[in-house]
Structures are given as C-alpha cells and as structure tokens.
Trainee: 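Please find one structure pasted underneath; my questions will follow.
Lettering follows sequence order; numbering is per chain, from 1. Nothing here was measured: the structure is a model prediction, and the numbers come from that model.
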Amino acid sequence: MSNSEQSTVRVSLDTPGAVGSAPGMDVPVGYAQARSYWRGVFHRVLRDRVTIGCTLVLGLLVFLAIAAPVLPLIDPDVANSGDRLLPIGSPGHLLGTDELGRDMLSRLIHGARLSLLMGVGPVAVALLVGGVLGLTAGYLGGRTNMIIMRITDVFYAFPSILLAVAIAGALGAGITNALVAITIVFIPPITRVVESVTTQLRSMDFIDAARASGASTFSIIRTHILGNVLGPVLVYATVLVSVAIVIAAGLSFIGLGASPPEAEWGLMLNTLRQSIFLAPWISLLPGLMIFITSMCFNLISDGLRSAMDVRY
Amino acid sequence: MTAAAPHILSVQRLQKYFPVRSGLLGRASAWVQAVDDVSFEIAAGETLGVVGESGCGKSTTGRLLMRLIEPDAGQIRFEGKLVGRDLKVSDLRRSMQMVFQDSYASLNPRLAVADSIAFGPQTHGMPRERAIGRARELLGMVGLEPSQFERRYPHELSGGQRQRVNFARALALDPKLIILDEAVSALDKSVEAQVLNLLVELKKNLGLTYLFISHDLNVVQYVSDRVLVMYLGKVAEVGPVDAIYGAPQHPYTRALLDSRPSMDPEIRVEHPPLTGDPPNPINPPSGCRFRTRCPHAEAVCQTQEPDLRPAHGAPGHLVACHMRRAGSGHSQAAPLVRFGDREPSR
Amino acid sequence: MFQYILSRLLYTFPIAIGVSLIVFALVHLAPGDPLSAVMGEVDQTMIAEMRASFGYDKPLPLQYMTWLGSVASGELGYSLRSGQAVLEILLSAAANTIALGVLASLLGFSVGIAAGMFAGYRNGTWLDKVVSASAIAGVSMPHYWLAIVLVIVFSVEWGLLPAVGAGSASSMFSWESFQHMILPTIALSAIPCAIVARTTRACVMEILSMEFVEALRARGLSESRITLHVTRNALPTVLAVMGLQFANLLGGSILVETVFAWPGTGSVLNQAIFDRDIPVLQGTILLLAMFFVVTNLVIDILQTWADPRVSRH
C-alpha cells in the first residue's frame, strides 16, 4: 500500500500550512449583510407590485368592512319601494339600488363583513386544527400518521363544494352552520400539507441533530419544525381563503348560510338574480366583489410563494 | 492507543433490522438486516475509523449509538455504564454527539448559525445570553470569526464553513465522544483537508474521542488509530490502522484497499478487485456474507458464518474469515491440529 | 403493475366504507326528526308508524348496517316527498350532469392544454403573461357568478341562447338540447380550464429546463419531435389534474346547475336539502362521492400506465 502515500489528500494534509483555522481558504460566499429569512421574504414582497396592490385592495376592503357602521353610508337594511333597481350612478345611490330599493354601495360594504368573515374564519380555524393534526401525524409518523391520514383520505373523497353543501345542508341554513361546514372542508387539505412538509423535515439531519442534543419533542417542533412549516402553509392557506370566499358565498347563494335580510355577497347575488332582466348590471356587482376578493387572495398567495420560493 | 486505556464506549451484539412494509396494513414482509451482531470498543482518546461500501450499515451503527434509532438488540455501555439502565439516553446524548454528512441538511435553514449552536445548551437550561456567548466562543474555536459569522444563515455559508458550524454545534454540549458520520465526505478535497486538520486539532486540545465513519480509505487511514471494516451489516475485520492497511487479513478489506486509485501511473490495476454491487441486505447470502464476491469462496463459506477471531500479527487485530481460522475446513486455512496450540481458545 | 392496481383497489375499499359512514352520519347531524320535518303537524301515531316503516326507530349502528346493506345491493330507498325510487331519480339526473361534465371537460381541457403549452413554450412573453393572468382569474372566479354573467350577455342582452332549463326535446342530442347546454358548459369549464392551463404551463416549463431536452436538441431532433417528448413527460401530471377536475365537475356542479335550473344531480341535491328528503339526500351525496372515489382510482391506474416511474414502488 505504499503508493497510497502519494494521494492528494495525504499530500495536502501533510502540508503544515493548511491547519484548520484558515477559513479564508473555504470558498468565500458573499459578504452581504446577513439577514433573517423572514426579513428577506418581506423585502422581496415589497418589490412585488402585484402583491402590494392586492394587499392594498384587501386592506381597504377590510377597513371599509370594519368601519362600515361609522361610515356615512345609507342604512343597508332600509327598503324603499319607490327606488327599486335604480341604475348605477343614480343621485344618492352611487351604485344603484337592489330589488327592494336598498342602497347597493352600503350593502356591498356591509356585505364584506360577513363574506370576509366566512372566508377567513374557517380557514383560520382549520389552520389551527389541521396544523396540530398534520404536525402530530408528520412528526410521530408510524401508526399515528396512518390513522390521521387515512381519515383525511376519506374526507378527500368529496369534492370540496359537495362536502360543504352536504354538511351545511345537513345542519340546516344559517351562518354558524355554514362556518362549521367550510371549516370541516378545509381541515383535511391543511392537514395534508402540514403533514407532508413535516414528514420531509422530520427526515432531515438537523432534526436528528436536535434530538441528539437531548431536546424534547415539543421544543424541537417549536424551534425547528414550526418555522419551516409556516412558509408553505401560509402560502397554501392564502389560496384556501380565496376558495373559501367563493364557497361561502356559494352556500349563501343556494340558500344555505346567510339568510335575508342580511347583507352578504352570495345572498345578494341570489336575490338580485331574479332581476337580471330588469337591471342586469347591478345584479353582477356582488359577484364582482367575490371575484375581486378571491383573486386578490390568489395573487397574494402567488406573490408569497415566489418570495418564499416555496415548492410543494 | 495503549491496551490499558479504559473503554469509553463498548458495544455488544448490536442489531437492527428494518422492516420492509408492504400492502394495505403495512405489515413487515421482509427485513433489511442493516446491522447484525456488531460488537466493538472504543478507547478513550482514540479515533476508531469505520469503513465499508454504502449500505453496509456504518451510518445506521452511528445512529444506533446516538439512539436516534432504537436498536432491536444489543448493549451499549458508555464509560462502563449500560445505556438505558445505568445511564439515561438523554445523559448519553450530552456526552456523545454526532456530525452528519450533509452540512446543509443538518442545519435548520431558518436559524442563524449562532442560534443553531446555542439550541443544545439552551435546551439544557442555559440562559439564551450565555448560550449565544458560548456559541460565539465555539465559532472561534472552529475557525469562524464570530462577529462575521454568528448572524449568518446556512445558505450564506460554503460547505466547509457549514460543516465547521456543525462541529461547533456538536461541541456545544461538551461531549466526550463525537460520531463523525461521513462528516467530511461531501467537501471539496482542499476544504476536506482543512476540516480534517481542524478535527485533529480539536481532538488534541479538547481530549475528544472520535468514531469516524467514512467510505474514504485514505481519510480513514489519516485520522484513525484503529479501523473497523463493515460488510453488509457485519464486522469483517477490526484492528490497528497499520495492521489493517499494512496486512489486511480479510479478502474484502484487501479488495477495498486494492480498489483505491493508484497515484503512480506505472502501477496499473489489471482487473477490478471488487466487482458488482453488494448483495441485497434483505436476503443476505448464507454463511459468510462476502462469499458471493469473494475470489476464495469455498463450500464452508456457504454453510458456516465466520465469527470474529484474533488474527495473527498485531494484537487487537480481529478478522471474520474462514481462511484465517485454523481447522475451518477452508483449503487455505491452517489445519487445526498443527496450529491448535497457538490458537487461543474462545 | 397488476399488483399495484390490486393494492389500489383494496385501498379504495376502506375509503368507500368511510365515505358511506360520513354520508350516513351527515343526515343524522341534522337537528330534529327527518319525518316530522316532511310531514309537519300530523297525528303522532302516524309518525310513529312511518318511523317504524322507515326504520328510523332503530339504534343508529343498526340503521347504518341496514342502510349499507341495501345500498350495496343497489337499493337506495324511496323519496319521502314524492315516493319515487331514489335510484330512478338519480339515474336521469346523473345522465344530465354527466353530459354537462363531459362537454365542459372537453372544452376546458382542450383550451387549457393548448393555452398552457403555449405559455410554457413562450415563457416570459406577454402571451404567457396573458395566459397566466387569465388562469388566475379563472381559478378565482365564482363560477356561479360567471354563469349569471353569461346569461346576462347571451340571453338577456343579445337573446342568442336560452337562459334556463334543458329544453323540451326528447333526445339529449338534438339542437335544442345542445343550445341549452352551451352556457352551462362554458360556465363549468372555466375552473378546469384555468387549472389545467396552469398545470400544463408549469409542467412544460419544468421539462423544457431539464437537461435531457438539451441533449435531444444536441442530437439534432426537430422541435416537433422534442414537443412529443415534452408531451409524453407532462402527460402523467396533467392527466392526474384533469381526472380530478372531471370528478370535481360532476360533484361540484350544484351551484351552476342551480343558476341554469339544469335538471342534474345538483338540482336534485338542492331540492332534497330544502325538502329534508333524507333518502334522496343520502343517495345523491353517496353517488357523487363514490363517483369521485372511482374517478380517482381510474386516474391513479391511468397514471401508472402513463408514467413508468410510478409503477416501480
């Protein structure tokens, strides 16, 4: 084995100059200001005009929805049989009136309260429940994973609209029931995404390194898993909000969910549908609001995805 | 290494079979015999090199020792204390640390390197301020200027720098033994050399013991005091580094050493010493697991599994081969009668 | 391959049982007695008699087993409202829904694949941007609203096409029926079209960036031959997405069917919900969910056939 003495490794190792404390010899990687991952994401989002635009639109909508009661708006519930279906741009009614003579602008703004709540609320709750289920299944693996994921699979056997309609239909009309239905619909997909990201992370060496340092499961999940799961899940949840808004309004549209005289976009779309021959363009306004809101969430999700460079 | 040195780690009959699950209920239909009946010792202050082809169970052995995977059978004693009975796994993990091959995957991408290093001490109750201070100190020890590196993220470092961070993290709990699982294998040759020298230096300064797992025979020769050769989950040969490299007793060890590229253009290897892939560890060959690729395989190799026995020559040199066991029935083995008096009874 | 199909079939079985359990549980979530909702204030003894005849007085697990047994033998019960056999109601409704679903798939998938391929090949150009923006709009679009927009434009404003119903023609293949199907088809195809376009675009872009395409170019293959390679590699993913979208069209058409008063499963479901017609409700949801399960199974098997990598594990 004498020739092995000649190998490159031996030669360079035997050179006393290259002792370990010479990191300058390593490939230097940019001396740019080190900054945290989330700050980097934030800066990239700031440079994305579409995402910023959508955020501003949604921000305005949320502001209007919250401030609706104190804004100088006409009472959304006051009907006026003399002013039915006034066209867009009528004096005193900027966006016209509905089939009972109620002010459209005021109803659309007040409608944002329920419609946004019914889109964001269920996803937020599903995020909590699905997050815990997915983390548990992904981190523990084995039998626990199998049980949780098989149950999830069963719920996946329903198209989301069908499941929402079926649950809301079974529970009966009403906002609470619709909220419950939409929440149940979104728990399985979130569980799946969280489980898949967690399972991937679980097999990475830094988790083993953390286990090897004697950390508890809870502290490993908090420090090492959550921060890595959050990005992809946030992106996904934003898409789900866009879907949830369409489904929630859809439930009200077919008479599940909100009920008259409440102002809610899907319900407004439904009642105005009877008037499409009389005032076609006014009847499209609530749907346009659903469309814009849903699209904003979708675009924001796209922006976040590229800012985080998420793949799943 | 002297024979009198106390064993810091002693492993007896370690075994791990992984189930191959299939079907609806995920029942085990077969078992991968990743680590099978592996025993060895490490003396305090030495470096034991573990070599073998990929899939031979050397990494699994490392993870079993850390209890990242639960062994099926076998005993691990750390400083004489039986792990699980006299020594809690959590305490074992403070005294024993591990560095992995993939420098990127072994660092949390969302944590600054100082936070990654400080995580271990913090979980053991060190206040954050002190843990970060300790992390800075450790960065300096592994040759990374703290002020320049502590707030960096893994993707902002080179492979060598990341691996230095991983050493710093392993050192953060003041371990006595560090398992280096292919820790320098993924690095460029020039960087590898620097990192190896750092390892040697740290070991000397901190009085560490290493279990050095690698497929690179040259590197193992350079860092190790003793070497253990694994083949398909079993120990083929173990002994002092000079004995293993100078007078290998097992045909597998010899083949491994012969397969190293020669630096002398005049010396050419006429035919590959080792052909094909190792057999499937799900159904390893009967008898000696190496027999399917061994040029000297005979009938006895198929029927009997060779056990680890002292080889002639250097003390502490053990080999599992019928050719080296007198009276085994192998045509190249010495007859039992003639050398029976020299054979220590076991 | 055969073994994979078999295991996939076996795997579908517990899912189907789970689905039936959910469907059964759903209607029992409902507050109140299913019969009193239908019958209103009538003689209590009569309700009790009816309960007994429908088996609603038995314990739930027993009711489930009885129901499952009859479902397995193709017996879905009778409508509480009309007394008609549920299976009979569903079969004619399903034919209408499937007709729309197939048409909407043909339209959505062909447009989606074409647009997606185009955008993928012309990555970064303004055409790509138009396709990507339309695709995002398509996914975000409340399709029931799109349905109303279509009715307003084509029926109310221009008077070109009928707004509601399926027409009175006896055959589904008549010109009158076809006219009635045009608007619902377009409304339903928006989402699958957008999703297929996005998937195809992403797939084509990813494949084009792979080294083997470069190798093919280096070997002097014509662009049309390379397109063939790209298509072959994109097929499994796009196929999976298309199958899922087709299944979604059938199960999720309730909203669009409501807008067009289309006599499909969605309308049956809608009616059953407001009538609290339990057997019809259970039957419809079960049928639609089972259709979804079976479609997924077929896609999986097709995917295995189209992608040699899948079959290996």
Side-chain angles (χ1 to χ4, degrees), chain A residues 50 150-151 153-173 177 180-181 184 239 242-243 245-247 249-251 253-256 265-266 269-270 272-273 276-278 280-281 283-284 286-299 301-302, chain C residues 11-12 14-19 21-23 25-32 132-133 136-137 139-146 148-149 151-153 155-157 163 244 247-255 258-259 266 269-270 272-274 276 278 281 284-285 288-293 296:
Chain A
V50 176
R150 287 305 87 87
I151 293 174
D153 284 350
V154 173
F155 279 90
Y156 251 77
F158 295 87
S160 48
I161 292 184
L162 177 66
L163 188 58
V165 168
I167 299 172
L171 291 173
N177 288 345
V180 170
I184 294 176
V239 177
S242 115
V243 179
I245 281 175
V246 173
I247 292 186
L251 287 182
F253 180 71
I254 55 168
L256 301 165
W265 295 338
L269 187 63
N270 185 30
L272 280 165
R273 191 160 61 99
I276 51 171
F277 289 93
L278 301 169
W281 303 113
S283 57
L284 289 183
L288 190 65
M289 296 302 288
I290 304 171
F291 181 31
I292 292 173
T293 314
S294 165
M295 182 127 156
C296 280
F297 276 107
N298 239 319
L299 288 169
S301 170
D302 259 29
Chain C
Y11 175 70
T12 302
I15 297 279
I17 295 289
V19 166
L21 204 58
I22 291 181
V23 171
L26 270 180
V27 293
H28 291 279
L29 282 177
S132 302
I136 287 235
V139 212
S140 322
M141 181 98 63
H143 53 322
Y144 43 94
W145 177 69
L146 175 65
I148 298 175
V149 174
V151 168
I152 289 176
V153 173
S155 308
V156 178
E157 295 288 310
L244 203 66
N248 251 321
L249 274 179
L250 300 181
S253 62
I254 174 166
L255 296 169
T258 307
V259 174
L269 183 60
N270 203 348
I273 286 171
F274 291 99
R276 298 219 67 78
I278 302 294
L281 191 66
T284 318
I285 300 173
L288 292 175
M290 284 309 168
F291 194 87
F292 202 74
V293 172
N296 275 326

Trainee: Using heavy-atom distances under 4.5 Å, tell me whether A/Ala249 contacts chain C through its side chain, its backbone, both, or neither.
Mentor: both
Trainee: Using 0.5 Å steps for rounding, measure from the CG atom of C/Leu288 to the CZ atom of A/Phe158.
Mentor: 10.0 Å
Trainee: Quick check: do C/Thr258 and C/Tyr144 have side-chain heavy atoms less than 4.5 Å from each other?
Mentor: no
Trainee: Report which part of C/Phe291 has an atom under 4.5 Å of a heavy atom belonging to chain A: side chain, backbone, both, or neither.
Mentor: neither
Trainee: Where does A/Leu162 contact chain C at under 4.5 Å (heavy atoms): side chain, backbone, both or neither?
Mentor: both
Trainee: Does any heavy atom of chain A fall under 4.5 Å from the side chain of C/Leu255, the backbone, both, or neither of them?
Mentor: both
Trainee: Please determine, among C/Val151, C/Ile17, C/Ile285, the option with the most heavy-atom pairs under 4.5 Å with chain A.
Mentor: C/Ile285
Trainee: State, to 0.1 Å, how close A/Pro159 and C/Asn248 come at their nearest heavy-atom pair, and which atoms those are.
Mentor: CB-OD1, 3.1 Å
Trainee: Sequence neighbours left out, what passes side chain to side chain contact (heavy atoms under 4.5 Å, CB included) with A/Leu288? Give chain and number order.
Mentor: A/Phe291, A/Ile292, C/Trp145
Trainee: A/Tyr156 versus chain C, heavy atoms under 4.5 Å apart: side chain, backbone, both or neither?
Mentor: backbone
Trainee: Which atom pair, heavy atoms only, marks the closest approach of A/Val154 to C/Val19?
Mentor: CG1-N, 3.5 Å
Trainee: Quick check: closest heavy atoms across C/Leu26 and A/Ala170, and the distance to 0.1 Å?
Mentor: O-CB, 3.1 Å
Trainee: Please determine, among C/Gly18, C/Ala137, C/Ser155, the option with the most heavy-atom pairs under 4.5 Å with chain A.
Mentor: C/Ala137
Trainee: Report the option among A/Leu269, A/Ile247, A/Ile245 that has the most heavy-atom pairs separated by less than 4.5 Å from atoms of chain C.
Mentor: A/Leu269
Trainee: With a 4.5 Å cut-off on heavy-atom pairs, point out which of A/Ala164, A/Gly266, A/Gly250 contacts chain C the most.
Mentor: A/Gly250
Trainee: Heavy-atom distances under 4.5 Å only: say whether C/Leu146 touches chain A with side chain, backbone, both or neither.
Mentor: neither
Trainee: Measure A/Asp302 against the heavy atoms of chain C and call it side chain, backbone, both or neither at under 4.5 Å.
Mentor: side chain
Trainee: If you look at every heavy atom in A/Gly172 and A/Asn177, which pair is closest and at what distance?
Mentor: O-ND2, 2.9 Å
Trainee: Where is the tightest heavy-atom contact between A/Ser294 and A/Ser242, given as atom of each residue plus distance?
Mentor: O-CB, 3.2 Å
Trainee: How long is the straight-line distance from CD1 of C/Ile15 back to CZ of C/Phe292, given to the nearest 0.5 Å?
Mentor: 11.5 Å
Trainee: In terms of heavy-atom pairs under 4.5 Å, which option from A/Ile161, A/Leu284, A/Asn298 contacts chain C the most?
Mentor: A/Leu284
Trainee: With a 4.5 angstrom heavy-atom cut-off, could you sort out which part of C/Ala247 is near chain A: side chain, backbone, both or neither?
Mentor: backbone
